[in-house]
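Working notes for the structure below.
Every number for a ligand or one of its atoms is a count from 1 in the order of the listing.
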Amino acid sequence: MSFGTRLKELRRQRNLSLRELGGKLQVDHAYLSRLETGSVFPSEKVIRQIARTFKLSVEELSLAAGKLPNDVATIFYEHPKEAAFLLRERFAVYNTTVQLKGKKENGHRQELEPIFQTRRGQLYQCDCLEFLPTVPDGSADLVFADPPFNLRKNYGQLVDDDLQEEKYLQWSYQWLEELCRILKPGGSLFVYNLPKWNIHFAALLARSLTFRHWIAINIKTTLPIPGRLYPSHYSLLYFTKGKPRVFNRPRVPIPSCRHCGGDIKDYGGHRKWLNPAGLNLTDVWDDIPPVRHQKYKSRAANELSVKLLQRVLEIASEKEDLVFDPFGGGGTTYYAAELMERRWLGCEIEDCKPIIERLSGNLFTNGKLTTATC
Ligand SMILES: C[S@@+](CC[C@H](N)C(=O)[O-])C[C@H]1O[C@@H](n2cnc3c(N)ncnc32)[C@H](O)[C@@H]1O
């Protein structure tokens, strides 16, 4: 609200005429009228008098009059982008709606049409590098990306999962940059990949985001590599855009022996003091099951456990937040988002039928989850 409008509002709240207020402030009523219409700027002395009369802070009125404290103005002049960014981040000011921008073709905007949508989400069948530029800046509360790992897997004809290392990194840097752009201040970004690739990704992400964790997801199913240590974890990078807006630390059950049922650790004799709700989650997750059996797979190649996505969403999002995943696969992220009442948005370059079938299935009966999660 401008200074003039604020002044008029204050005067009217007290039922004062221009003359009466002029008398209190010891200024001419015609000058007051010009202040209210914005045709003159108030001096610092007048701002102080008005603040005293209406018991307001000088800072608030000065800001309404467009005057920043000198030191703050200097920060803004010298660092216009960073200063605005830091403020938005500190006070978690972000856009709340997503309206796809529509890609440009031959100079004309062309709307992309979703191939499938629910009340909470939209799926697009296209290359993420085509889709991402249509997503506005700062629109996603949580981004999760599980790209092909360049392990020569067959995802379909449109995906080459056997690129030269340089090419794979170059391709990845493109979508990573876009993901940083679409993340809201305070939002969280997770990237699931081999440690071999995630060390490069982390270096790139650290330029614009804040590192939180390298989460090791224990895996039991890889093959030994000759001349190397046995690979036993995938990496889940966790970055935020500044201070996280949402951070919940889940508790996990106290691990017990599957043969005798006793505790695996002795907790230095302090077992009875442990929180009955469970242990604090660490950055090594060894309770994530692989989705091995075809019966539970919504798609032939590489589908993650719902438990993994539910945990990620629990840590870094709230109901109605927007979750974005550019590599749909079997739709695990979107499925978890539906279960947890988050909004979602994503794309998949190959066949989207498995996602559509999964999300169109009997997810809920009478408001209760009926499909087994794994
Ligand atoms: C590892 S899978 C993701 C699995 C998914 N997280 C799940 O749990 O179902 C990677 C997916 O990315 C898709 N993909 C590969 N390149 C893509 C691109 N350029 N744009 C969009 N999707 C792509 C592949 O077709 C594959 O389905």
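- The shortest heavy-atom distance from Val159 to ligand 1 is under 4.0 Å.
- In the vicinity of Leu304, heavy-atom distances shorter than 4.0 Å reach the ligand 1 atoms 6 (N), 7 (C), 8 (O).
- Taking 4.0 Å as the cut-off between side-chain N and carboxylate O, Glu60 and Arg6 count as a salt-bridged pair.
- By the 30° and 60° cut-offs, the orientation of the rings of Tyr234 relative to Phe149 is perpendicular.
- Atoms of ligand 1 found under 4.0 Å from any heavy atom of Cys128 (numbered from 1 in listed order, with element): 18 (C), 19 (N), 20 (N), 21 (C).
- A salt bridge links Asp287 with Arg311: the distance from a Lys NZ or Arg NE/NH1/NH2 to an Asp or Glu carboxylate oxygen falls below 4.0 Å.
- With hydrogens and angles left out, the side-chain atoms of Arg245 and Thr240 include no donor and acceptor closer than 3.5 Å.
- Contact between Trp214 and Phe211 at its shortest, heavy atoms only, is N-CZ, 3.4 Å.
- A salt bridge between Glu20 and Arg14 is absent, with no side-chain N of the basic residue lying under 4.0 Å from a carboxylate O of the acidic one.
- Judged by the shortest distance from any of its heavy atoms, Gly156 lies outside the 4.0 Å radius around the atoms of ligand 1.
- The Glu303 neighbourhood of ligand 1 comprises atoms 7 (C), 8 (O), 9 (O), with distances under 4.0 Å to a heavy atom of that residue.
- For ligand 1, the atoms closer than 4.0 angstrom to any heavy atom of Thr332 are 7 (C), 8 (O), 9 (O).
- Near Gly330, with a cut-off below 4.0 Å to any heavy atom, the atoms of ligand 1 are 7 (C), 9 (O).
- Distances from atom 13 (C) of ligand 1 to the heavy atoms of Gln125, Glu348, Lys153 put Glu348 nearest.
- The pair Glu36-Arg12 does not count as a salt bridge, with every side-chain nitrogen at least 4.0 angstrom from each carboxylate oxygen.
- A side-chain contact (heavy atoms from CB on, under 4.5 Å) with Leu32 is found for exactly one of Val46, Val27, Leu16, namely Val27.
- When heavy-atom distances to ligand 1 are checked against a 4.0 Å cut-off, Asp127 comes that close through both its backbone and its side chain.
- Near Glu350, meaning under 4.0 Å from any of its heavy atoms, are these atoms of ligand 1: 25 (O).
- Between Phe144 and ligand 1, no pair of N/O atoms sits closer than 3.5 Å.
- Across the listed options Ala145, Pro326, Gly331, Pro148, Pro148 owns the non-hydrogen atom lying nearest to atom 15 (C) of ligand 1.
- For ligand 1, the atoms lying closer than 4.0 Å to a non-hydrogen atom of Asp146 are 1 (C), 2 (S), 3 (C), 4 (C), 5 (C), 6 (N), 10 (C).
- Counting atoms of ligand 1 from 1 in the listed order, those under 4.0 Å from a heavy atom of Cys126 are 20 (N), 21 (C).
- The residues Asp141 and Arg342 are annotated as not salt-bridged, no charged nitrogen and carboxylate oxygen being separated by less than 4.0 angstrom.
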